[in-house]
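Let me begin by handing over the structure; questions about it come next.
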Amino acid sequence: MPELPEVESVARALRQNLAGRRLTGLEAPFAGVLDQPLRTTRRALLDKRLVDVHRRGKYMIASFARDGGDDPAHLMIHLRMTGQIFILDGYRPDKHVHVSFDFEGLPVHYRDVRKFGRLTLVEDPLAPAALAHVGPDMLAVRWPEWRRRVGSRTAPIKAVLLDQGVASGLGNIYVDECLFLAGVRPTTPAAALDDATLREILRRARQVLRLAIDHGGTTFLNFTDFYGKPGNFRRQLRVYGRAGEPCRACGGALAKTTVAGRTSVYCPDCQV
DNA sequence: ACACGCGCCTGATCGC
DNA sequence: TGCGATCAGGCGCGTG
C-alpha cells in the first residue's frame, strides 16, 4: 500500500515527466474516484499546464495553470490502498483504470483496484482545507512539535504513529519497521514511553522512510512506480509480512498481533 | 479530546 | 468454471 515513500516516488516522477506539459485530455471511465463531477474537474484543469507537485504525507497536490500562471487549479490525489499513477508505452487500460490524463499525447493513467483513492479539486495547494486535520509531514516535522502533538495519548504507540493528524506519512508497513528498529512493541501505550524513546522512534521513522525512498518504495500488493516497475524495498523489510519467520537480529520467531485494527508483526525478544 | 468500530472495495486465499 | 467466508487496510465518519 502506498505510504510516504511510494507517494514521494510518484510525485517526483510527475514533476520530472510532466512539468510544463499541457493537459489536453481528461477521461474518467469510473468518475466515482473524483470528488467533484467530471465536468467540473475537466473545466478546472483542461488546457492548463502542470506547473508543480507538492506532497504532504500520503497526499499529492498537482498544480495547473494557464501560460503566465493565470487561473490556477489544484488536484489533490490520495492513492489510499491500491491506487497507482503511471505512464506506460503502449498500455491498454484495463477495467481498473478509472481516470486517464492526456498531456499533449503523453497518456497518464490512474488505476485503482479497490476504488478507495480520491482525486479532489482544492483551492490552496499548500494548505488545503481538506487537510486541516492532517498533521505535518513525517519527514519535515521537528521533534518539539511532534512531541507536543503526541501529547499524553493513552493509545498504543502504533495507533499514534498511524494517526495522520499527529504527523502524516506512515502506514502499516513502515510503522512496524520503525518500531522494530526502535526496539519498542507496537502495543506499548504512547504515554508510557519516555522522551528519549520517543525521540528514537521519530529518528527511526525518518530513517526507514528515507531508506525506502532511496529504494523506490515497497511493493507488497500492487504498488508500481510511475514506469510500472515494482519498488525494491521489500527485501529490506525486517518484520512486515514476516510473522512466524526468524527475526533478522536475534533469530527468534516473529510474533503477530492486532493493534488499532491492523495486523502487526514484532519481535518479542528485540522489542520491549 | 480521545478511543474505537464500521463502511467503503475487490482479489487472493482458505475451508469444506 | 466450486463456492462462500475471510482477510487485507487508509481514512472519513459516527458513537461513546
Side-chain angles (χ1 to χ4, degrees), chain A residues 1-8 10-11 28-36 55-61 76-85 93-99 110-120 122 128-138 146-179 186-193 205 209 212 217-224 230-231 234 237 239-244 256-266:
Chain A
M1 32 255 89
E3 302 179 30
L4 188 153
E6 293 74 36
V7 176
E8 175 65 19
V10 173
F30 176 72
V33 297
L34 302 174
D35 265 336
Q36 288 88 358
R55 182 191 58 73
R56 175 151 140 216
K58 305 170 199 171
Y59 296 84
M60 276 180 289
I61 300 167
M76 185 171 77
I77 302 168
H78 197 302
L79 304 173
R80 294 281 185 104
M81 291 293 296
T82 53
Q84 300 167 278
I85 293 182
D94 64 8
K95 64 175 178 173
H96 300 302
V97 171
H98 308 311
V99 182
Y110 177 77
R111 181 175 186 271
D112 190 348
V113 169
R114 293 189 194 165
K115 299 177 177 174
F116 279 9
R118 286 295 177 269
L119 285 69
T120 311
V122 296
L131 297 192
H133 65 289
V134 173
D137 189 86
M138 199 64 191
W146 185 72
R147 179 67 190 86
R148 179 169 55 74
R149 288 174 162 273
V150 170
S152 50
R153 301 269 298 257
T154 57
I157 181 63
K158 174 162 178 172
V160 175
L161 290 169
L162 286 173
D163 184 345
Q164 307 295 297
V166 174
S168 57
L170 288 175
N172 205 34
I173 295 177
Y174 296 112
V175 163
D176 276 10
E177 295 301 308
C178 151
L179 288 172
T187 46
T188 309
L193 298 167
L209 290 172
T218 301
T219 295
F220 215 88
L221 282 181
N222 59 1
F223 170 77
T224 54
R234 184 166 177 176
L237 295 176
V239 288
Y240 182 86
R242 299 191 64 241
K256 182 164 92 167
T257 186
T258 299
V259 182
R262 314 252 163 64
T263 300
S264 306
V265 183
Y266 66 99

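Residue numbers begin at 1 in each chain, while the letters A, B, ... track the order of the sequences.
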Under-3.5 Å N/O pairs linking protein and nucleotides 7-10 of chain C:
unit_1	atom_1	unit_2	atom_2	d
C:dA8	OP1	A:Thr263	OG1	3.0
C:dA8	N3	A:Arg114	NH1	3.3
C:dA8	N3	A:Arg114	NH2	2.9
C:dG9	OP1	A:Asn172	ND2	3.0
C:dG9	OP1	A:Tyr240	OH	3.0
C:dG9	OP2	A:Thr263	N	3.4
C:dG9	OP2	A:Thr263	OG1	3.1
C:dG9	N2	A:Arg114	NH1	2.9
C:dG9	N3	A:Arg114	NH1	3.4
C:dG10	OP1	A:Asn172	N	3.2
C:dG10	OP2	A:Arg262	NE	3.0
C:dG10	OP2	A:Arg262	NH1	3.3
C:dG10	N2	A:Arg80	NH1	3.2

Next item on the list: For A:Ala243, enumerate each residue passing the side chain to side chain contact (heavy atoms under 4.5 Å, CB included) test, keeping only those at least two apart in sequence or located in another chain.
Entry: A:Lys256, A:Val265

Checklist line | Distance below 4.0 Å between A:His133 side-chain N/O and C:dG12 OP1 or OP2 | finding: yes

Notebook entry, point to check: Counting any heavy atom closer than 4.0 Å, what does A:Tyr59 reach on the DNA or RNA strands: base, sugar-phosphate only, or nothing?
Noted result: sugar-phosphate

Next item on the list: Nearest 0.5 Å please: distance from the CG atom of A:Leu170 over to the CD atom of A:Glu177.
Entry: 11.5 Å

Note to self: Just to verify, what does A:Arg80 make a salt bridge (charged side-chain N to carboxylate O under 4.0 Å, His left out) with, not counting sequence neighbours?
What the structure shows: none

Next item on the list: Indicate whether OP1 or OP2 belonging to B:dC8 is found under 4.0 Å from a side-chain N or O atom of A:Lys115.
Entry: no

Note to self: Would you say that A:Leu34 contacts A:His98 through its side chain, given a criterion of any heavy-atom pair below 4.5 Å between the two side chains?
What the structure shows: no

Note to self: In this structure, how many angstroms lie between the P atom of B:dT10 and the NZ atom of A:Lys95, rounded?
What the structure shows: 8 Å

Check: B:dC9 P sits how many Å from A:Asp112 CG, rounded?
Finding: 11 Å

Margin query: Nearest whole Å is fine: how far is B:dA1 C1' from A:Arg148 CZ?
Written below: 15 Å

Checklist line | Listed partners of A:Asp137 passing side chain to side chain contact (heavy atoms under 4.5 Å, CB included), at least two apart | finding: A:Leu4, A:Arg55, A:Leu139, A:Ala140

Item checked: Close side-chain approach of A:Asp112 and A:Gln84, heavy atoms under 4.5 Å -> no

Identify each donor-acceptor pair in which a side-chain atom of residues 148-159 of chain A lies under 3.5 Å from a protein atom, sequence neighbours left out, and give them as a table.
unit_1	atom_1	unit_2	atom_2	d
A:Arg149	NE	A:Glu145	OE2	3.0
A:Arg149	NH1	A:Gly165	O	3.0
A:Arg153	NH1	A:Asp163	OD2	3.2
A:Arg153	NH2	A:Asp163	OD2	3.0
A:Lys158	NZ	A:Asn172	OD1	2.6
A:Lys158	NZ	A:Asp176	OD1	2.8
A:Lys158	NZ	A:Thr263	O	3.3
A:Lys158	NZ	A:Ser264	OG	2.7

Notebook entry, point to check: Looking just at side-chain N and O atoms, do A:Tyr59 and A:Gln164 make a donor-acceptor pair shorter than 3.5 Å?
Noted result: no

Within the sub-3.5 Å range, which N or O atoms of nucleotides 3-5 of chain B have a protein N or O partner, and how far apart are they?
unit_1	atom_1	unit_2	atom_2	d
B:dA3	OP1	A:Thr154	N	2.8
B:dA3	OP1	A:Thr154	OG1	2.8
B:dA3	OP1	A:Ala155	N	2.8
B:dA3	OP2	A:Arg153	NE	2.5
B:dA3	OP2	A:Arg153	NH2	3.2

